[in-house]
Amino acid sequence: MHPLIFDVSFASESSSSIFTYRPVLQYSLVQLYACDSKSNSIYCHSVGIKIVKVFDFDLWIRTLVRLIFSCIYIRTKEASFFWSARMAANTSACPAFMKATSNGVFQGDNPIDFALPLAILQIVIVIILTRLLAYLLRPLRQPRVVAEVIGGIMLGPSLLGRSKAFLDAVFPKNSLTVLETLANLGLLFFLFLAGLEIDTKSLRNTGKKALGIALAGISLPFALGIGSSFVLRATISKGVDSVAFLIFMGVALSITAFPVLARILAELKLLTTEIGRLAMSAAAVNDVAAWILLALAIALSGSDTSALVSLWVFLAGCGFVVAAICIIPPVFRWIARRCHEGEPIEETYICATLAVVLVCGFITDAIGIHSMFGAFVVGVLIPKEGPFAGALIEKVEDLVSGLFLPLYFVASGLKTNVATIQGAQSWGLLVLVTFTACFGKIVGTLGVSLAFKIPMREAVALGFLMNTKGLVELIVLNIGKDRKVLNDQTFAIMVLMALFTTFMTTPIVMAVYKPARRAKKEREYKHRTVERDNNTNTQLRILTCFHGAGSIPSMINLLEASRGIEKGEGLCVYALHLRELSERSSAILMVHKVRKNGMPFWNRRGNNNNADQVVVAFQAFQQLSRVNVRPMTAISSMSDIHEDICTTAARKRASIVILPFHKHQQVDGSLETTRGDYRWVNRRVLVEAPCSVGIFVDRGLGGSSQVSAQDVSYSVVVLFFGGRDDREALAYGLRMAEHPGISLTVLRFVTSPERVGEITRVDSDEEVMSEIRKKSSVDESVKFVEKRVENAAVDVRSAIEEMRRSNLFLVGRMPGGEIALAIRENSECAELGPVGSLLISTESPTRASVLVIQQYNGAGTAPDLASAGSELDTD
């Protein structure tokens, strides 16, 4: 439509006639874009004035006033008025204005026509779809980012978005601004968390191997990315900014996703291995380098093609980083000194930190880089010492990672249209880009690894691990798409490349590099049980596991009672802290605190201000009792943490693994389940353990605090029915009886005389009982009692009632003999066996702690649990 030209007319004071000033020169003063509510079309109104030669200054003022009122008149005449650059095209329609909240369906409003209800619907759909895909991909051990990328693509025009009705209903165009705002806000704080994962001290201490692998993993893919960009510009990316496109392609192919790599290493049990350490260190260096290159790419990809503008953007970004380095660390060190372990962090500090993140994001966005860059810098520069960094993560990560971040994958998926990849040329380019990305990473890493004399199998696995992509890759691609550096087809090709390279990492590494091959050799050792045939003075190695600090005092009291006297080689304890690795950033932060498996993970330099209270407890126990204690940490998902336990037991040649029961005692004495996952872990360990296994039901052994050696005074009872598990429990009890503060009672259940002929005696049991009789006659700390049984259920319960004041019961998990068979029918907890279940039942006359022991037999361990599979009884 042609601009509207207004002729400005005035009435002369000296004449009754009206003078119209004819146009000679035209000056466009303001351009207004307005929507006509009737025709729903766009009019571009140019308000102009045509002025003749004027000599009267007052006439100029009146002319200007009339012009202003004319503009106001135009504004009020139009029904809808929008200031938007998108409306410059006079052929496009104005999107309907979307209010925040509705009045409800009963007043005729459709909730999805309003911003807030529609955003809630979008978030719910995204969460359900991505979590469902993550569950389906779990057997393939794929990280959650793969499911989120696939979910985003499915919701976009590649699949569900092909239906215009679905797209207009769930993701209408007028809702995309709100969706992308929430997604970028979540991305901003997620990158802040990603910065918190980067330990700058570890980066400074990076070895030559990791540094060389990181540099090779960046330089060669970057060069190949630049090479492939020439092919793309000659085919499907014609007319794009050449310099920005070259850098974006180089960065996209050279990235290694540090958080995704850490989770893949955890899934493969490689976090604590040499290859895991190298991969994590190299990926951290790669991550920082990628952000620097990305900042350069963003600076060069502005809409202004002037090289001077790009230079100013880059210099301003460097100035921001320098200022942040000078200001942020001292301020947050001051805050960290005022936050003490075990005390709540003041809300003021948390809010101030989040405000700093937002301010730095605003600054970098104003500079022209991206708001996430400022948030990432803040996360990197915050000191990791003290509880403050962990408290920040706990406050932020669940909401960000679980709620807002999946929206970013949807926003990315809505831009990805796989249908644009059509024809042999496009699919050939997809193969070329994927091959180039894999070749650069794998060959570059492989070459440097072999130069450092890393074995071929580990070097190949390291190359595939460094080829992992993830969220950072999508961030690079989305920025390139938004800045018109990548078109739709190139964007779709790059997204599929990132998805494929990440998806193939886990299965290929599992096929190439299997630590289980080494574990087979480590499993070959002699003393796998507490019961020893010949030499009872050999060292007893115990692997004890715990979930948290609450069970530490009773576990240490049990170990103190188990150390016996100082003879032979004594007792060696490996304390394994079980920590779950989830998709949360704090789980990756734990990885920085873990040393090589089997080594103490407390700080040898004496800086214990931030020491884990678990480590402090075992360190004190080692110093007071002179027992060799080796604290360790197992960080893994709950679905396969039992593999860490079994592997560690084999590697440390443990004779018995002691696990905490999945229920904990409440104030009223009852047992309540904390997490059902731990029950599943216990069952799997019972089936797959390379040694004997004990499950410890803690009911306050020794009270709520650690008991010193001279104050130990426990009454221990072994309930003996017969069989290998009972003999193992008895052997453990005899070991405890060597402690001067332990009195041991062996209570043997036998059948009545008239039924003796019906029972087949086990020779091994009779030999053990003969030795116990002799020992009880010469050792006052050991007492032997036989109990004849007429009615199994009644007589066993009465015997337990007589011993109800004891501190600890030792029983076999699957006792032998007819008496045990009679009470086995009432077993409620399979992993504790019939006797253990009887002792912890609500009808049990005792509230003593219980240690249920299963002896290793070399084959078919816990067949009853193995046949049941992984099914759990509901509590």
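All of these numbers come straight from a predicted model, not from anything done at the bench.
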Can a donor-acceptor pair be found between the side chains of [X] and [Y] at a distance below 3.5 Å?
| X | Y | answer |
| --- | --- | --- |
| Lys441 | Thr256 | yes |
| Ser412 | Asn478 | yes |
| Thr436 | Ser228 | no |

Quiz item: Is there a side chain to side chain contact (heavy atoms under 4.5 Å, CB included) between Ile264 and Phe464 once you walk through the steps?
Solution: CA-CA 11 Å; Ile264 290 177; Phe464 279 99; over 6 Å; no
Exercise. Mind running side chain to side chain contact (heavy atoms under 4.5 Å, CB included) on Phe388 and Ile335 for me, showing each step along the way?
Key: CA-CA 8 Å; Phe388 182 65; Ile335 293 177; 3.8 Å; yes
What pair of heavy atoms forms the shortest contact from [X] to [Y], and how long is it?
| X | Y | answer |
| --- | --- | --- |
| Leu188 | Val357 | CD2-CG1, 4.1 Å |
| Ser426 | Ile493 | O-CD1, 4.0 Å |
| Tyr408 | Ile475 | OH-CA, 3.5 Å |
| Pro406 | Ser401 | CD-O, 3.4 Å |
| Ala492 | Asn417 | CB-O, 3.6 Å |
| Val378 | Cys360 | CG2-SG, 3.5 Å |

Keeping the roles fixed (side chain from [X], backbone from [Y]), state whether a donor-acceptor pair exists under 3.5 Å.
| X | Y | value |
| --- | --- | --- |
| Lys384 | Val380 | yes |
| Arg141 | Pro507 | no |
| Thr445 | Ile442 | no |
| Ser158 | Thr416 | yes |
| Thr364 | His370 | yes |
| Thr468 | Leu465 | yes |
| Asn467 | Thr505 | no |
| Asn184 | Glu180 | yes |
| Thr235 | Leu232 | yes |
| Lys469 | Ile255 | yes |

Could you tell me whether the side chain of [Y] reaches within less than 4.5 Å of the side chain of [X], counting heavy atoms only?
| X | Y | value |
| --- | --- | --- |
| Thr490 | Val240 | no |
| Met504 | Phe500 | yes |
| Thr353 | Phe332 | yes |
| Leu477 | Phe248 | no |
| Trp291 | Val377 | no |
| Phe409 | Leu155 | no |

Exercise. Using the side chain to side chain contact (heavy atoms under 4.5 Å, CB included) rule, take Arg483 and Ile298 through it: C-alpha gap first, then chi angles, then the decisive distance, then the call.
Key: CA-CA 9 Å; Arg483 293 183 175 244; Ile298 294 173; 3.4 Å; yes
Practice problem: For the pair Asp488 and Lys481, find out whether any cationic side-chain nitrogen is under 4.0 Å from an anionic carboxylate oxygen. | Solution: yes
Practice problem: Count the heavy atoms of every other residue, nucleotide or ligand shown that sit under 6.0 Å from OH of Tyr135, and state whether that count exceeds 12. | Solution: no
Quiz item: Does the pair Ile226 and Met249 meet the rule for a side chain to side chain contact (heavy atoms under 4.5 Å, CB included), with working shown?
Solution: CA-CA 6 Å; Ile226 292 177; Met249 288 297 299; over 6 Å; no
